[in-house]
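For reference, the structure discussed in these notes is given below.
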Amino acid sequence: MLNIILFGPPGSGKGTQSEKLIAQYGLKHLSTGDLLRSEIAAQTPLGIEAKAIMDKGHLVPDEVVIGMISSALEANPTANGFLFDGFPRTEAQSIALDGLLELKNTEIALVLSLEVSEEELVKRLLQRGLTSGRSDDTNENVIRARIVEYHKKTSVVADYYKKFDKVKNIKGEGTVDEIFNALSEEVNKFSL
Ligand code: AP5
């Protein structure tokens, strides 16, 4: 089983590269952003509460996303491995994820960290906001609040996994294929 975290700030290309990585390596994609947007679309109480938080660019409480990931792991007992996208986003989420994987006698093998300049992130997200329908992409202040939240609460996740020597930094600017090749080079070092 191969478990990978695709890490990086908002707009760094996690969703784009996840699609390619799961197709190439047969991993199960778990994106907490996508799971939350499904709850919003279904207008569940969780979705309504989460939307108000996401529209400010803030993080949804740890217990909510940890619960979603725990259910998703349970729901996929035969997966070859998981690609985590947008999770974990705090140290508490990292510790919880390690515990959940330990229960399945497995662990995170690799954290791929995409590095993109702030101006490029803002440019990409404003551009996507023109067509995506994502309310957190249409306002530059909200986009910048998401990036601030990343620096305040999420960048520590990389520090957490660096202690276990699991982090590889990957340049997240260039063509989608160039970045995918750089990511694949790291994944190929592990046997599937
Ligand atoms: P989430 O859905 O995880 O969004 P995000 O981290 O803000 O990331 P994005 O989806 O915006 O960007 P991405 O890195 O996936 O890049 P993408 O490939 O889409 O989270 C949304 C919200 O949910 C959070 O703010 C929070 O409120 C909540 N949430 C989610 N998870 C949570 C958690 N664990 N804990 C607490 N709260 C949580 O690309 C972006 C754009 O750039 C696209 O238009 C794409 O086409 C383009 N692009 C991609 N690659 C390139 C390239 N190489 N060159 C040019 N353009 C490119």
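Nothing here was measured: the structure is a model prediction, and the numbers come from that model. Note that ligands are numbered from 1 as they come in the structure, with each ligand's atoms numbered from 1 the same way.
The side chain of Arg146, and not its backbone, has at least one atom closer than 4.0 Å to an atom of ligand 1 (non-hydrogen atoms only; side chain from C-beta on). Counting heavy atoms closer than 4.0 Å to ligand 1, residue Glu149 contributes nothing at all. Heavy atoms of Arg134 found under 4.0 angstrom from ligand 1 belong exclusively to the side chain. Proximity of Leu59 to ligand 1, defined as any heavy-atom pair under 4.0 Å, is shared by backbone and side chain alike. Residue Asp62 does not touch ligand 1, judged by heavy-atom distances below 4.0 Å. Of the heavy atoms in Gln93, only side-chain atoms (C-beta onward) come closer than 4.0 Å to ligand 1.
Of all atoms in ligand 1, numbered sequentially from 1 with element shown, those under 4.0 Å from a heavy atom of Leu125 are 11 (O). The atoms of ligand 1 that sit less than 4.0 Å from any heavy atom of Arg128 are 9 (P), 10 (O), 11 (O), 17 (P), 19 (O), 40 (C), 43 (C), 44 (O). For ligand 1, the atoms lying closer than 4.0 Å to a non-hydrogen atom of Arg37 are 2 (O), 21 (C). Heavy-atom contacts of Ile179 reach the following atoms of ligand 1: 53 (N) (cutoff under 4.0 Å). Near His58, with a cut-off below 4.0 Å to any heavy atom, the atoms of ligand 1 are 26 (C), 27 (O).
Heavy atoms only, all atoms of each residue included: Ser132 and Gly129 are closest at OG-CA, 3.8 Å.
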Show every donor-acceptor pair shorter than 3.5 Å between a side-chain atom in residues 164-171 and any protein atom, with sequence neighbours excluded, or say none if there are none.
unit_1: Lys166; atom_1: NZ; unit_2: Ile108; atom_2: O; d: 2.8

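Comment: Arg128 does not engage Asp136 in a salt bridge, judged by the lack of any side-chain N to carboxylate O separation of less than 4.0 angstrom. Salt-bridge check for Glu119 with Arg144: passed, with a basic side-chain N closer than 4.0 Å to an acidic carboxylate O.
For atom 30 (C) of ligand 1, the closest heavy atom belonging to the protein is Arg89 NH1, 3.4 Å. For atom 23 (O) of ligand 1, the closest non-hydrogen atom of the protein is Met54 CE, 3.3 Å. Gly174 O, 3.0 Å is the protein heavy atom nearest to atom 53 (N) of ligand 1. Protein heavy atom in closest approach to atom 8 (O) of ligand 1: Lys14 NZ, 3.4 Å. Scanning all protein heavy atoms for the shortest distance to atom 41 (C) of ligand 1 gives Arg124 CB, 4.1 Å. Given atom 16 (O) of ligand 1, the protein heavy atom at minimum distance is Gly13 N, 3.0 Å. For atom 37 (N) of ligand 1, the closest heavy atom belonging to the protein is Val60 N, 3.1 Å. For atom 39 (O) of ligand 1, the nearest protein heavy atom (residue, atom name, distance) is Thr16 OG1, 3.7 Å.
The structure places CG of Leu21 at 5.5 Å from CZ of Phe180, a figure rounded to the nearest 0.5 Å.
Heavy-atom distances between Gly11 and ligand 1 reach below 4.0 Å in at least one pair. Contact annotation: Ser18 has no heavy atom less than 4.0 Å from any atom of ligand 1. Taking 4.0 Å as the cut-off, Ile53 does not count as a neighbour of ligand 1 on heavy-atom distance. Under a 4.0 Å heavy-atom criterion, Ser12 is in contact with ligand 1. Contact analysis puts Pro9 in contact with ligand 1, with a non-hydrogen atom separation below 4.0 angstrom.
The environment of CD in Glu49 is sparse: at most 12 heavy-atom neighbours from other residues, nucleotides or ligands sit within 6.0 Å. In this structure, Lys123 places its NZ atom where only 12 or fewer heavy-atom neighbours from other residues, nucleotides or ligands lie under 6.0 Å away.
Judged purely by atom type and a 3.5 angstrom limit, Ser70 has no side-chain atom pairing as donor or acceptor with the backbone of Ile66. Counting only distance, with no hydrogens or angles, the side chain of Glu173 and the backbone of Ser117 share a donor-acceptor pair below 3.5 Å. A donor-acceptor pair under 3.5 Å is formed between the side chain of Glu149 and the backbone N or O of Leu59. Counting only distance, with no hydrogens or angles, the side chain of Gln17 and the backbone of Gly13 share no donor-acceptor pair below 3.5 Å. Glu107 places no side-chain N or O within donor-acceptor distance of the main-chain N or O of Leu101, the cut-off being under 3.5 Å. With hydrogens and angles disregarded, a donor-acceptor distance shorter than 3.5 Å links the side chain of Asn3 to the backbone of Phe82. Thr32 places a side-chain N or O within donor-acceptor distance of the main-chain N or O of Gly86, the cut-off being under 3.5 Å.
Backbone and side-chain nitrogen or oxygen atoms of Phe87 are examined, and none is located within less than 3.5 angstrom of a nitrogen or oxygen of ligand 1. Considering backbone and side-chain N/O atoms, Gly15 comes within less than 3.5 Å of an N/O atom of ligand 1.
Under the 4.5 Å side-chain contact rule for hydrophobic residues, Ile53 and Leu125 do not share a cluster.
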